[in-house]
K.L.:
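My structure is below; once you've seen it, I'll send some questions.
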Amino acid sequence: MSDNAHLAEQLDLISKLLELNGADSFRASANARAARAIEAWPADICAVARDRGKPALMEIEGIGPKLADKIIEYSRDGRIKELDELRAATPAGLLDIMQVPGLGPKTVRMLWQEGKVVDRASLQRIIDDGTILTLPRMGAKAVEKIKASLALHVEAAQRLRLGPAAAVADRVLAALRPIVGDSPMAFAGSLRRGKDTVGDIDVLLATDNATISRAAHEAFITMKGVTGVVAGGSAETRTSVQMLVGFSSRWDESDDSPPAGEQAGPRVQVDLRIMPKASFGAAIMYFTGSKEHNVAMRLRALDRGLTLNEYGLFPEDNSTTEAPHKRGIAPIASDTEEAIYNALGLRFIPPELRENAGELSAFALDTPPASAPAALVSLSDIRADLHAHTTASDGVLSIVALATEAKRRGFHTIAVTDHSKSSVIAGGLSPERLRAHIGAIHAARGEIDGITILAGSEVDILSDGSLDYDDDLLAALDVVVASPHAALTQDSATATKRLLRAIEHPLVHILGHPTGRLVLRRPGLSPDMATLVAAAKQHAVALEINAHWMRLDLRDTHIRQSVDAGCVLAINCDVHHPEDFDNLKFGVQTARRGWLPRERCINTWDAPKLHTWLKAKR
DNA sequence: GCCGTTTTCGGCCCGACTGTTTTCAGTCG
């Protein structure tokens, strides 16, 4: 875990413990806000603390003098005294209870103070013996809800990776489409923003037709894969179901594929929300988030004397008694997101950027064109893949089959990059086999035209940073992707030296999945990214964004840091199966989350430009 | 605990829903 992520976790914990201890809620949320700002910060925040001190920290939005001191304390001691004291004063089990849906800080504090609850077991005890009913605001219905939440919470909680989540959403949309006709319908939330994991899936449908609305609701709750309708949602405007993820792949035989029995396996909550057509833009903006982006947008509206909610952008008339849409006030903008952004002096902000990380100022209409961000990379810009495996190592496609599939998808170049000898389990090639393989790749060029097949290798970066083949052999390759595969628990300093050595190697073009992380499975290396991106820029090495949803490595914050440093990046599918090309969209979304401009992604370049760039190292 | 061309003190995003209440507190998204 990076220092930023760890520090953010500590501050978030401080926020939660403050709430539990009845501290001022604005003080608690200030800590949580700072945690999110730090987590999204592209550079190493501890380095900022050490090198530039308190004033530089206080320039970050949401960080004032007190929080700057805490960051400095953390960067110096690796801990924060305030957190230690709060932990000592609060039973650890209360944090666990606060995870249960329906139990917020106020209720948990009351249970602790009045009911002597300190963990899940003691909560269960006072439910069972009935004493919970004697506590304030604890009626029979409230207790029933807590009981149900406790039971359900055991199997929920886990977030879902982007790939399986997108597959569920696509399934839902495909099932509803025939019923809703051409009514606007889309998914929102962190899935639309392309985050690497999502908590639940929000599907929005806009219709003014009650018949369509009822039919969609009915089809939704009877869809294949639905294992239960979540209580609540009296009206048909919001329905929540639990749905089987039912997604398996070579990565997930251990933890995501259902064991025997049809109703088993991981589930995800899917919400269907039905709203009037006229509110669709405001609603999808609202449900897409992020929360921080929404808050910033509302503040921007207030600055301009307007009110923004999920029904539209309204003129503010200072009647605080009732929401504007309920008083029949006509919205200034509501049917499309673009109209709302424009009415607030902004260009349309792509969903991937909506994290309140500078996007509002960057997309302001009055920003001079010179300082406006360049066009972001998009899926249709990608014309090449530079990281793919064949049957020579652990892929399932022959060289020609791989090239044929790449051509079918509109690429002008495909690089064959099988594993090197140290990746024994993946069938890594000995130097002799690689020489023969290069010959086979050259021969395959005669069997298919309209696409360039490059001879390459995904070469292991060994634990000391040396590469898995001699320079003579590497020089015979058109493209070298150097990747770490083993020793992924090295400390940060060792990992930095290791990867730096690979970047400085004159025959390396691309640093493949630089940290080796697996989403929700393995943290991978945490090298000093500032050092790596500076070296990558200097040595003209492209940093890879591995598009597989299990990797998404580099991650969004690292990409932003690389972009700021002036690096070029590669978005590669790491193809083993033909379907792996479909993961490209996740790589592109992640790249966009890191603000990657089209021209800085080498996979968007035309063939002459890309091939010239590769040859510069030969 | 942060923040400021209407404030250095007194604010701090908005609305729906639920359950416990006689007017509202808490939670969620």
Side-chain angles (χ1 to χ4, degrees), chain A residues 11 14-15 18-20 22-37 57-71 80 82 97-111 132-146 148-149 188-190 198-202 204 230-235 237-238 240 269 271 273 275 279 282-314 316 318 320-327 331 344 356:
Chain A
L11 292 175
I14 287 177
S15 166
L18 284 171
E19 285 182 316
L20 277 174
D24 173 36
S25 66
F26 292 110
R27 189 179 145 208
S29 65
N31 277 274
R33 211 149 44 96
R36 289 189 295 266
L57 292 172
M58 285 175 61
E59 281 173 23
I60 299 170
E61 176 138 355
I63 305 216
K66 292 256 180 40
L67 273 154
D69 283 339
K70 285 187 216 180
I71 295 166
I80 302 169
E82 183 187 8
I97 297 179
M98 216 159 66
Q99 299 287 318
V100 176
L103 292 182
K106 299 270 173 40
T107 309
V108 173
R109 176 171 167 75
M110 185 278 295
L111 291 169
I132 192 171
L133 290 163
T134 66
L135 298 174
R137 306 190 59 81
M138 283 293 139
K141 276 187 170 173
V143 174
E144 275 313 308
K145 274 178 86 169
I146 293 172
S149 292
S190 44
V198 307
D200 60 8
I201 295 170
D202 295 307
L204 265 64
V230 180
S234 48
T237 54
R238 181 189 163 178
S240 299
Q269 179 165 323
D271 293 355
R273 295 164 192 279
M275 57 240 342
S279 317
I284 196 164
M285 174 185 282
Y286 172 77
F287 286 110
T288 296
S290 67
K291 190 175 191 299
E292 290 71 35
H293 177 84
N294 288 350
V295 169
M297 288 290 289
R298 286 179 169 172
L299 289 171
R300 189 179 177 91
L302 284 178
D303 272 354
R304 287 164 169 69
L306 307 170
T307 299
L308 177 63
N309 62 30
E310 59 266 50
Y311 299 94
L313 180 67
F314 296 89
E316 181 51 72
N318 296 321
T320 52
T321 49
E322 207 178 12
H325 65 282
K326 289 201 161 181
R327 284 177 282 133
L344 288 172
N356 194 29

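Computed from a predicted structure; not experimentally measured.
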K.L.:
ring-ring contact (aromatic ring centres under 6.0 Å, His included) with A:Y311: which residues, sequence neighbours excluded?
P.N.:
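In terms of ring-ring contact (aromatic ring centres under 6.0 Å, His included), with neighbours along the sequence ignored, A:Y311 is linked to A:H325.
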K.L.:
What integer distance in Å separates A:I132:CD1 from B:dG19:C1'?
P.N.:
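Atom CD1 in A:I132 sits about 14 Å away from atom C1' in B:dG19.
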K.L.:
I need the CD-C1' distance between A:E292 and B:dC14, as an integer number of Å.
P.N.:
15 Å
K.L.:
Measure the distance from NE2 on A:H293 to P on B:dC13 and round it to the nearest whole Å.
P.N.:
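Atom NE2 in A:H293 sits about 16 Å away from atom P in B:dC13.
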K.L.:
With a 4.0 Å cut-off on N to O distance, would you call A:R27 and A:E82 a salt bridge?
P.N.:
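Counted as a salt bridge, because a side-chain N and a carboxylate O are separated by less than 4.0 Å.
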K.L.:
Examine distances only and state if a side-chain atom of A:T288 and a backbone atom of A:I284 form a donor-acceptor pair shorter than 3.5 Å.
P.N.:
yes
K.L.:
Run the salt bridge (Lys or Arg N to Asp or Glu O under 4.0 Å) test against A:R300 and tell me which residues pass, sequence neighbours left out.
P.N.:
none
K.L.:
With rounding to the closest Å, how many angstrom separate the C1' atoms on B:dT23 and B:dT18?
P.N.:
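So the two C1' atoms sit 15 Å from each other.
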K.L.:
Side chain of A:S29, backbone of A:A32: donor and acceptor closer than 3.5 Å?
P.N.:
no
K.L.:
Passes side-chain contact (heavy atoms from CB on, under 4.5 Å), A:F314 versus A:R327? Steps please.
P.N.:
CA-CA 11 Å; A:F314 296 89; A:R327 284 177 282 133; over 6 Å; no
K.L.:
Please measure how far the P atom in B:dT5 lies from the corresponding atom in B:dG1, and state the result in whole Å.
P.N.:
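One P to the other, the span is 23 Å.
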K.L.:
Under 4.0 Å, counting only non-hydrogen atoms across every strand here, what does A:H325 touch: a base, just sugar-phosphate, or nothing?
P.N.:
sugar-phosphate
K.L.:
Round to a whole Å and report the spacing from CG of A:N309 to P of B:dA16.
P.N.:
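From A:N309 CG to B:dA16 P: 8 Å.
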K.L.:
When you look at A:L344 and A:L306, which way does the side-chain contact (heavy atoms from CB on, under 4.5 Å) test go after all the steps?
P.N.:
CA-CA 9 Å; A:L344 288 172; A:L306 307 170; 4.0 Å; yes
K.L.:
What is the pairing partner of B:dT18, taking Watson-Crick or G-U wobble pairs with both distances under 3.5 Å in any strand?
P.N.:
B:dA25
K.L.:
Using atom names, set out every protein N or O paired with an N or O of nucleotides 26-29 of chain B below 3.5 Å, distance rounded to 0.1 Å.
P.N.:
residue : atom : partner : partner atom : Å
B:dG26  : O3'  : A:T107  : OG1          : 3.1
B:dT27  : OP1  : A:G104  : N            : 2.8
B:dT27  : OP1  : A:G104  : O            : 2.9
B:dT27  : OP1  : A:T107  : N            : 2.9
B:dT27  : OP1  : A:T107  : OG1          : 2.6
B:dT27  : OP2  : A:K106  : N            : 3.3
B:dC28  : OP1  : A:G102  : N            : 2.5
B:dG29  : N2   : A:Y286  : OH           : 2.5
B:dG29  : N3   : A:Y286  : OH           : 2.8

K.L.:
For nucleotides B:dT21 and B:dG26, find the distance between their C1' atoms and express it as a whole number of Å.
P.N.:
13 Å
K.L.:
Write out a two-atom table: protein N or O, nucleotide N or O from nucleotides 1-5 of chain B, distance below 3.5 Å.
P.N.:
residue : atom : partner : partner atom : Å
B:dG1   : OP1  : A:K70   : NZ           : 3.1
B:dG1   : OP2  : A:R27   : NE           : 2.8
B:dG1   : O6   : A:D24   : OD2          : 3.1
B:dC2   : OP1  : A:G64   : N            : 2.9
B:dC2   : OP1  : A:G64   : O            : 3.2
B:dC2   : OP1  : A:K66   : N            : 3.4
B:dC2   : OP1  : A:L67   : N            : 3.0
B:dC3   : OP1  : A:G62   : N            : 2.9

K.L.:
What is the nucleic acid contact for A:A188, judged by heavy atoms within less than 4.0 Å: base, sugar-phosphate only, or nothing?
P.N.:
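Contact class for A:A188: none.
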K.L.:
On a whole-Å scale, what distance lies between the P atoms belonging to B:dC12 and B:dT8?
P.N.:
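Rounded to whole Å, the distance is 16 Å.
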K.L.:
Distance check, C1' atoms only: B:dT20 and B:dT27, in whole angstrom units.
P.N.:
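Result for the C1' pair: 14 Å, nearest Å.
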K.L.:
Could you tell me the separation between the CG atom of A:L313 and the P atom of B:dC14, rounded to a whole number of Å?
P.N.:
12 Å
K.L.:
Which whole-number value in Å describes the distance from A:M138 CE to B:dT18 P?
P.N.:
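Going from CE in A:M138 over to P in B:dT18 covers 17 Å.
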K.L.:
Using modelled atom types only, decide if a donor and an acceptor are shared between the side chain of A:R109 and the backbone of A:L20 within a distance under 3.5 Å.
P.N.:
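Answer holds: yes.
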K.L.:
How far does the C1' atom of B:dC13 sit from the matching atom of B:dC3, given to the nearest Å?
P.N.:
15 Å
K.L.:
Between A:L302 and A:P136, which residue's closest nucleotide on DNA chain B lies nearer the 5′ terminus?
P.N.:
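Closest to the 5' end, via its nearest nucleotide, is A:L302.
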K.L.:
Go through the structure and list residues passing side chain to side chain contact (heavy atoms under 4.5 Å, CB included) with A:N294, not counting sequence neighbours.
P.N.:
A:Y286
K.L.:
Could you give the CG-to-P distance, from A:L135 to B:dT20, as a whole number of Å?
P.N.:
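Value for this atom pair: 13 Å.
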K.L.:
Enumerate donor-acceptor pairs with a distance under 3.5 Å from any side-chain N or O in residues 132-146 of chain A to protein atoms, sequence neighbours excluded.
P.N.:
residue : atom : partner : partner atom : Å
A:T134  : OG1  : A:T131  : O            : 2.6

